[in-house]
S.K.: 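Mind looking over this structure? Questions follow.
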Amino acid sequence: MNPSSSFLAQVKDNNYFMTQNVMLSEKKSKWMLAILLILLALSTILLYKYSTRKFNYWKIRKVNYVKPIPILGSLLPLFRLKQTFGEWLSDLSRQQKDDYFGIFVLDQPVLVVQSPKLIKNILQKDFVHFQNRSATGSKHDPIMSNLMFFSDNPEWKNSRSKVTPVFTTGKLKLMFEVIKKESERMVDYIAERVNVANVESKEICAKYSTNVIARCAFSVDAQSFQSDDAEFRNLGRRVFDFRYSTAFRNLSAWFTPNLVHTFNISFVEPNTSNRLQAIFNEVLDQRKSSCLNKGSDLIDIMLEAQNKSNFEEKYLVAHAFQFYLAGFETISSTLSFTLYELCIRPDIQTRLRTEILESIEKTKTITYDEVAEMKYLDMCVCESLRKYPVLPFLDRTCSSNYKLDDDLIIEKGVPVYIPLFGLHYNPELYPDPQKYDPERFEDKTKINVDCLSYIPFGEGPRICIGNRFGLMGVKLGLVAILSKFKLEMSDQTPIPLQFESKSILLQSKVGIPLKFVPLVQ
Ligand code: HEM
């Protein structure tokens, strides 16, 4: 055979084998693709079946409910990030006229109770069935799992009884002086920014509340007014910023408690949490080895409690942590929302300032008792907390079957949400609810008598433990600011105010820019 024809035969053979191979691998790929598609279809069907398996829950019980979709349940509007969870629940309350209705948080049936009478039963009268929240902290995280907010009975009851003595009137009076000093620092800081348009008042309030909490819970001077980069303030920014990862952590605590435990999703990002713990441990060690500051702050009060009873150190850290988490954003938001309303309602601002200045004029100083006696100040703060309840919904889990009314038994394990924001904006309870009107609280004896319609701090045995401390921080901040400055709107002061949809707490989307004008020019 001539060499060129043998070469041609070889090439032909090779081509033949190559074509065979290509055909074989094409066949293989097609099979693989088919198997993949079948697996995908099967898992989609399984996922669909699994995520919708409880979707008849409310129908069977003849409870009106918000139609769910697979995987997201009733939460689709929230994923569009147009509203906060509190506003969404409030809208639902307006649409659903019944005393209660069902929703699905992903695949979990949840009962939303909006009748003030039934709310009173759940939070107070029949508390024994609703002692725990549905929100949770990861059980693998020694701090989060021991936060009072997230703990279940009996641990909760034990912590609550240990921490309650921190907030007696005597102790609050001691903390009053510490807070007053911080309010004076805030005034000095504002004095350097007067007559300037669009000063970010929310940031000023956050610096103030950070200093207050750092002093009262950690005995640390946070120095937030000295530097924009102060460590404590930065840690606070990271806990409540508007990043998607923060939203994921926060929302998981309420909406996917099982995943929180399985994947150890911490409410606070681990770096921030570790740093706060390290600071607190340092302070604790210093305090144990010194005899300074006895009895004036949370650490001393808790060390005292530890000496009296068996109080493990991990609880001390968790309580200081709790103080920081629960206290700093709530105080700064309530204070800044009040500044916002006062700047757009100069008549209310003037009336409040008159009360404050008259009170200071009498004694030339500000005392705990005087602040407690300022009636209009109290009315304004109450109205701020009605319009801006920082935690816009409450949650409980039913711990044993409970007869809600003649038509429904709430089963053990079902979460119950109370749409606090919706309640506070119900026009039947609060006519013209968008209006900022402190007169609603002229006579507080009429509020919450037979039912619960005003609950910015929650209610019942799990009511906010720091409510008097929080009110003191907000009121002292207002007294300090209004006795020195007039508040005016700036071109960027948002009207109406929009809330940040990625935050579980009520926060303004764009901060609260306004102008401070000195009273004495
Ligand atoms: C204006 C300020 C504040 C507001 C509006 C506020 C609001 C709330 C609300 C709505 C709850 C849930 C209550 C419930 O489920 O019934 C709560 C719980 C709690 N708050 Fe506050 N809070 C404020 C300040 C504070 C401060 C300053 C502290 C700490 C020092 C604090 C510590 C707590 C704790 C530990 C709980 C959980 C109580 C428990 O489960 O027994 N709060 N707060």
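Just so you know, residue 1 is the first one in the sequence shown, and it goes up from there. Because the structure is predicted, anything quoted here is derived from the model rather than measured. Counting starts at 1 for both ligands and their atoms, in listed order.
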S.K.: Report the part of P456 (side chain from C-beta onward, or backbone N, CA, C, O) that has a heavy atom under 4.0 Å from ligand 1; answer both or neither where that applies.
M.R.: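 The answer is the backbone.
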S.K.: Heavy atom under 4.0 Å from ligand 1: found in L385's side chain, backbone, both, or neither?
M.R.: side chain
S.K.: Would you check the N or O atoms of W156, main chain and side chain alike, for any that come under 3.5 Å of an N or O of ligand 1?
M.R.: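 Looking only at distances, the answer is yes, because the N/O contact criterion of under 3.5 Å is met.
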S.K.: Which atoms from ligand 1 have a heavy atom of E459 less than 4.0 Å away?
M.R.: 16 (O)
S.K.: For ligand 1, note which part of F457 has a heavy atom under 4.0 Å away: side chain, backbone, both or neither.
M.R.: both
S.K.: Are any of the N/O atoms on R133, whether in the backbone or the side chain, positioned under 3.5 angstrom from an N/O atom of ligand 1?
M.R.: yes
S.K.: Taking the six-membered ring for Trp, are Y417 and F85 closer than 6.0 Å centroid to centroid?
M.R.: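 Yes: the rings meet the under 6.0 Å criterion.
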S.K.: Which of the atoms of ligand 1 are close to F323, meaning less than 4.0 Å from one of its heavy atoms?
M.R.: 30 (C)
S.K.: Going through the distances and angles, do R94 and D91 end up as a salt bridge (Lys or Arg N to Asp or Glu O under 4.0 Å)?
M.R.: CA-CA 5 Å; R94 258 196 304 277; D91 281 358; 2.5 Å; yes
S.K.: Is the distance between the ring centroids of F267 and F150 under 6.0 Å?
M.R.: yes
S.K.: Testing the 3.5 Å rule here: is there a donor-acceptor pair between the side chains of Q434 and Y425?
M.R.: no
S.K.: Could you check whether the rings of H424 and Y454 sit parallel, tilted or perpendicular, using 30° and 60° as the cut-offs?
M.R.: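 The arrangement is parallel - the two ring planes meet at less than 30°.
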S.K.: Where on R396 is there a heavy atom closer than 4.0 Å to ligand 1, on the side chain, on the backbone, on both, or on neither?
M.R.: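 For R396, the contact with ligand 1 is made by the side chain alone.
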S.K.: Heavy-atom distances under 4.0 Å are what count here, so tell me which part of Y388 touches ligand 1: side chain, backbone, both or neither.
M.R.: neither
S.K.: Would you mind checking if K444 and D378 are paired as a salt bridge, meaning a charged N to carboxylate O distance below 4.0 Å?
M.R.: yes
S.K.: State whether a side-chain donor-acceptor pair under 3.5 Å links R353 with Q349.
M.R.: yes
S.K.: Is there a polar contact, in the sense of an N or O pair closer than 3.5 Å, between R462 and ligand 1?
M.R.: yes
S.K.: What do you reckon, are the aromatic ring centroids of F328 and F323 less than 6.0 Å apart?
M.R.: no
S.K.: In the protein, what heavy atom is nearest to atom 20 (N) of ligand 1, and what distance, to one decimal place, separates them?
M.R.: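 Ranking protein heavy atoms by distance from atom 20 (N) of ligand 1, first comes C464 SG, 3.2 Å.
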S.K.: Taking only heavy atoms of G327, which atoms of ligand 1 are found under 4.0 Å from at least one of them?
M.R.: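 Once the distances to G327 are compared, the set is 26 (C), 27 (C).
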S.K.: Can you see whether H129 engages S400 through a side-chain donor-acceptor pair at a distance of less than 3.5 angstrom?
M.R.: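 The answer is yes; a qualifying pair exists.
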S.K.: Using a 4.0 Å cut-off to any heavy atom of G458, which atoms of ligand 1 qualify?
M.R.: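 The list of qualifying atoms is 10 (C), 13 (C), 14 (C), 16 (O).
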S.K.: Taking distance alone, with no angle check, do R160 and ligand 1 share an N/O pair under 3.5 Å?
M.R.: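 There is such a contact, yes.
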S.K.: Taking only heavy atoms of T334, which atoms of ligand 1 are found under 4.0 Å from at least one of them?
M.R.: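 Atoms satisfying the 4.0 Å criterion: 1 (C).
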S.K.: Should you measure from each heavy atom of Q322, which atoms of ligand 1 turn up under 4.0 Å away?
M.R.: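 Every atom of ligand 1 under 4.0 Å from some heavy atom of Q322: 35 (C).
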